[in-house]
Protein chains: 2
Amino acid sequence: MQEAFNDPENFTPRQRAVLDRALGLLMEGGERALTTAGLARAASCSKESIYKWFGDRDGLLAAMIAHQASKVRAPSDDGSALDLARFRARLVDFADDLLHVLGGDVSLALNRLAIGQASREGSRLGQLLIERGRRGIDRRAGALLETGRRRGLIDYRDRDAAYHTLYGLIVRDLHVRMLLGEPDARKPEAFRSLAEEAIAQFFVLFGVRDTKKADPA
Amino acid sequence: MQEAFNDPENFTPRQRAVLDRALGLLMEGGERALTTAGLARAASCSKESIYKWFGDRDGLLAAMIAHQASKVRAPSDDGSALDLARFRARLVDFADDLLHVLGGDVSLALNRLAIGQASREGSRLGQLLIERGRRGIDRRAGALLETGRRRGLIDYRDRDAAYHTLYGLIVRDLHVRMLLGEPDARKPEAFRSLAEEAIAQFFVLFGVRDTKKADPA
DNA sequence: GCGACTACGTACCGTACGGTACGGTTCTTC
DNA sequence: GAAGAACCGTACCGTACGGTACGTAGTCGC
């Protein structure tokens, strides 16, 4: 019955505050800094309450992921009319958002936590992170691509394959480098130009040919 | 003077054997399974020797990375004459190798270890992993790309940018998913086709147009 | 006002780990 | 063959953490 602890809908405001404090501790000092005693002290609650609410330490970690995921609301994709320029701008925004999300403190801390636990057998944190965190982004991008294809702005055979290519063009090896703590990888001021270049390349691969093709030669 | 411990050239065969056993423990059960007492028991050595050889636990981890990196020898890039087909095959091989390396047990275990430690302030494991592990791959790919460009098979403005794009096309989000423990991401039997598709896309972006351009329309 | 409930703070327990010390054994070297 | 170094096995120490138990203080319903 540990699942009952993981439903962010049932979290009380007090519990959410404690989970936020836990995320803060995790961001500051990593997993080692997130101890039940330390969290109880930092959040001014008792260890007993923590265990009562979340079961055990793994339940707490899972609840943190669920809680954080519940805070992120994907911007609703209004199906307004898209011309090529607007569609391209939407893709650039998506790419920029993606880089900022992946490079955010909370995302990096949670991914480091889940990856650190991934070697352990019974750990479902990785799955949980993918399901709760990535699914939303994937769906948002998938819908965007689908819209672009229906409007004849891009074309592809396999939507998932196209999305994975888009993801690779945007993120490259930046995510892992940021996870490893390489300072050069975390340059939010560079994300915009990276996003624009990635989308330009994506259009070369999947764009429908148009009359305004620049041809340097 | 901890640096002295990290030079794999100075490791004795006995020390290498211990480091191999440590890598084995790390692969089996993650960082939690790699304790000094456990390693001493598994490798039939004394804890005192471990501390004498590697300084402390962090020194041991660094030595493991250095040791593993020293085992990987990049295949020497013989500058034989390359036509397009051979160059393309070389790139596919590189992509296939890259996916197999990143998805290997040792690589995943070491990356998980370094990422788990990345939040800690003084941790240089991430840097060490990038320097010792990735530099070789990067140089190999860079040389390959440079050769292709000199032969007029591909073209690019910025070699590093081209390489990063190549990396993104090959790896996509597979590395992080494998690090998170997603079973679907680790399908070595699928790596070859992924590699071929990535190289095909790379040629669309950076290939020099030739007469045999297939044009569906 | 009173019981039932919840939560806070603290103290406590068992365990496990990093690191050190020491006696005994094997191997090298002269 | 003796001196000395390297190493193994084990025992030991201090600490820190996960998890539990308990005494107390609010709070809500009646």
Side-chain angles (χ1 to χ4, degrees), chain A residues 1-2 4-6 10-22 24-26 28-64 67 112-113 116-117 119-125, chain B residues 1-2 4-6 10-22 24-26 28-65 112-113 116-117 119-125:
Chain A
M1 298 303 138
Q2 289 199 357
F5 297 118
N6 297 342
N10 293 341
F11 291 157
T12 68
R14 181 78 182 103
Q15 291 167 2
R16 288 183 215 271
V18 172
L19 291 175
D20 278 329
R21 199 71 196 85
L25 289 178
L26 189 68
E28 289 171 21
E31 185 184 356
R32 309 299 295 254
L34 182 61
T35 66
T36 51
L39 175 58
R41 200 179 326 113
S44 294
C45 70
S46 70
K47 288 174 64 175
E48 197 168 9
S49 297
I50 294 175
Y51 284 101
K52 178 172 186 175
W53 294 334
F54 309 114
D56 57 4
R57 191 170 188 271
D58 287 344
L60 170 66
L61 301 181
M64 289 168 61
H67 170 59
R112 285 182 181 134
L113 174 67
Q117 300 268 322
S119 40
R120 199 75 190 157
E121 175 62 24
S123 178
R124 291 202 355 104
L125 287 187
Chain B
M1 295 303 138
Q2 290 198 356
F5 298 118
N6 297 342
N10 293 341
F11 291 158
T12 68
R14 180 80 182 102
Q15 290 167 4
R16 287 184 216 273
V18 172
L19 291 175
D20 278 328
R21 199 69 197 85
L25 289 178
L26 189 68
E28 289 172 21
E31 185 183 358
R32 309 299 295 255
L34 181 60
T35 67
T36 52
L39 175 59
R41 200 179 326 113
S44 294
C45 70
S46 70
K47 287 174 65 175
E48 197 169 9
S49 297
I50 294 175
Y51 284 101
K52 179 174 186 175
W53 293 334
F54 309 114
D56 56 4
R57 191 171 188 271
D58 286 344
L60 170 66
L61 302 181
M64 289 167 61
I65 291 177
R112 284 183 182 132
L113 174 66
Q117 299 269 320
S119 41
R120 198 75 192 157
E121 174 63 25
S123 177
R124 291 203 357 102
L125 287 188

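A close approach under 4.0 Å does occur between a side-chain nitrogen or oxygen of B:Ser49 and OP1 or OP2 of D:dC8. In this model, the phosphate group of D:dA6 is not approached by any side-chain N or O of B:Trp53 to a distance below 4.0 Å at OP1 or OP2.
We find that CZ of A:Phe54 is positioned 16 Å from C1' of D:dG19, with the value rounded to whole Å. Between the CD atom of B:Glu48 and the C1' atom of D:dC12 there is a distance of 13 Å, given to the nearest Å. When the P atom of D:dT15 is taken as reference, atom CZ of A:Arg32 falls 17 Å away, rounded to whole Å. Put simply, CD on B:Gln117 is 11 Å from P on C:dG18, counting in whole angstrom units. The nearest whole Å value for the distance from the OH atom in B:Tyr51 to the P atom in D:dA6 is 20 Å. Rounding to whole angstrom units, CD1 of residue B:Ile50 and C1' of C:dA21 are separated by 16 Å. Atom pair A:Lys52:NZ and C:dC8:P shows a separation of 11 Å (rounding to whole Å applied). Taking atom CZ of B:Arg57 as the reference point, atom P of C:dC17 lies 10 Å away to the nearest angstrom.
Interatomic distance, B:Met64 CE to B:Leu26 CG, rounded to the nearest 0.5 Å: 4.5 Å.
Checked for salt-bridge contact, A:Glu31 and B:Arg120 miss the test: no charged N lies under 4.0 Å from a carboxylate O.
Of the possible donor and acceptor atoms, none in the side chain of A:Glu28 sits under 3.5 Å from a partner among the backbone N and O of A:Leu25.
Residue B:Ser46 has its side chain nearest to D:dG9 when only D:dG9, C:dG9, D:dG19 are considered.
Just one residue in the list B:Gln15, B:Arg21, B:Arg14 forms a side-chain contact (heavy atoms from CB on, under 4.5 Å) with B:Val18, and that residue is B:Arg14.
The nearest heavy atom of DNA chain D to B:Arg14 and to B:Lys47 marks one nucleotide each, and the one closer to the 5' end goes with B:Arg14.
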